[in-house]
Amino acid sequence: MNAPARIEDHTSARFRALMRELTGISLVATKVSLIEQRLRRRVQAHGLPDTETYLRRLLDGSLGEAEVRSVVDLITTNTTSFFREPDHFTFLRDQILPALLADAGRGRPRVKVWSAASSEGAEAFSAAMVLAEAERDGAAFDWAVLGTDISTAVLEKARSATYDAAQMQTVPRPLFRRYFMTSDDPELRDVVRVVPELRRRVRFHALNLMDFDYAVARDVSVIFLRNVLIYFDPSDKKKVVRRLRDHLAPGGFLIVGHAESMVVDCPGLVQIRPTIFRRVEP
Ligand SMILES: C[S@@+](CC[C@H](N)C(=O)[O-])C[C@H]1O[C@@H](n2cnc3c(N)ncnc32)[C@H](O)[C@@H]1O
């Protein structure tokens, strides 16, 4: 039997250029084996002999647009968890929310949170639990959470708001009891679902951070942009941060991942904590 053809350098370069153009994700040449590993099932699904043949057909368009979307789903890294980098959620509760409510003056405050690379929704629902708890404690305000991502597969999961019970390890017990449903059905023992009252306040839609325009309101109170800039080139990181800044209300907050704070150097944003920035009038 012939050994499968290895991916040729120019095919790999064209594929990486396509992914960069579509997603901003910068796949380095050394990650060819990762590409092969992630695409193996697609190669098999099309009955093709090897990844080289598959990539050539993807690149010449003969596998169609839907296949390109499947590849984007496979190339993106979707690791996430509830209350990941927990100090951000403590800061949201103890500092950001009181500041936003105090700034609102006499009208009823409205707090809008945007999880801008939401993956399966754990970040959006973690923020939602913080806001729901504040409301429960007597704060009077309206709120809504938006989650967006480029990957259609993770958005589908986020909309279902259904998670493995094992993912609840990082959810504080009282919040788990209040905001998740379990089932008596033994088949569903390992699955939990966010309660409808919370689901109603959290929406998800597709959005590519590489797009020139974002179909999102320009008065967002808090944007979470965590653990996604790390995959982008410096010039793309800068553009994304500037575009997101323009969606923050004056006094709004941008929160980035702990590995990403150094990349935010943007007029109109002042750093108030190592990973937290606030919009000031430019
Ligand atoms: C590692 S996850 C981070 C999830 C969450 N923010 C967190 O910190 O737990 C990165 C997410 O960014 C998304 N992503 C990658 N490129 C993107 C782009 N160009 N536009 C929007 N989302 C993107 C991926 O699909 C993935 O779900």
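Whatever order the structure lists them in is the order used to number ligands and atoms, beginning at 1.
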**Message:** Using side chain to side chain contact (heavy atoms under 4.5 Å, CB included), reason through K238 and R242 one step at a time and then give a plain yes or no.
**Reply:** CA-CA 6 Å; K238 205 171 190 164; R242 282 181 183 225; 4.2 Å; yes
**Request:** Go through the structure and list residues passing salt bridge (charged side-chain N to carboxylate O under 4.0 Å, His left out) with E8, not counting sequence neighbours.
**Result:** R56
**Asked** Under 30°, 30 to 60°, or over 60°: which ring-plane class applies to Y163 and F82, parallel, tilted or perpendicular?
**Response** perpendicular
**Prompt:** Between F224 and F89, what is the ring plane arrangement, given parallel below 30°, perpendicular above 60°, and tilted in between?
**Reply:** parallel
**Prompt:** What about Y54 and F15, are their ring centers closer than 6.0 Å?
**Reply:** no
**Request:** Evaluate the salt bridge (charged side-chain N to carboxylate O under 4.0 Å, His left out) criterion for residues D103 and R278: first the C-alpha distance (whole Å), next the side-chain angles of each, then the deciding distance (0.1 Å), finally the verdict.
**Result:** CA-CA 13 Å; D103 282 357; R278 192 162 193 194; 3.0 Å; yes
Can you list every pair where an N/O of ligand 1 is under 3.5 Å from an N/O on the protein?
unit_1   : atom_1 : unit_2 : atom_2 : d
ligand 1 : 6 (N)  : A117   : O      : 2.9
ligand 1 : 6 (N)  : E123   : OE1    : 3.4
ligand 1 : 6 (N)  : E123   : OE2    : 3.1
ligand 1 : 6 (N)  : R226   : O      : 2.9
ligand 1 : 8 (O)  : R84    : NH1    : 3.2
ligand 1 : 8 (O)  : R226   : O      : 3.2
ligand 1 : 8 (O)  : N227   : ND2    : 2.8
ligand 1 : 9 (O)  : T80    : OG1    : 2.6
ligand 1 : 9 (O)  : R84    : NH1    : 2.8
ligand 1 : 19 (N) : T23    : O      : 2.6
ligand 1 : 19 (N) : N208   : OD1    : 2.9
ligand 1 : 20 (N) : L209   : N      : 2.9
ligand 1 : 22 (N) : I150   : N      : 3.3
ligand 1 : 25 (O) : N78    : ND2    : 3.2
ligand 1 : 25 (O) : D149   : OD1    : 2.6
ligand 1 : 27 (O) : N78    : ND2    : 3.0
ligand 1 : 27 (O) : D149   : OD1    : 3.4
ligand 1 : 27 (O) : D149   : OD2    : 2.7

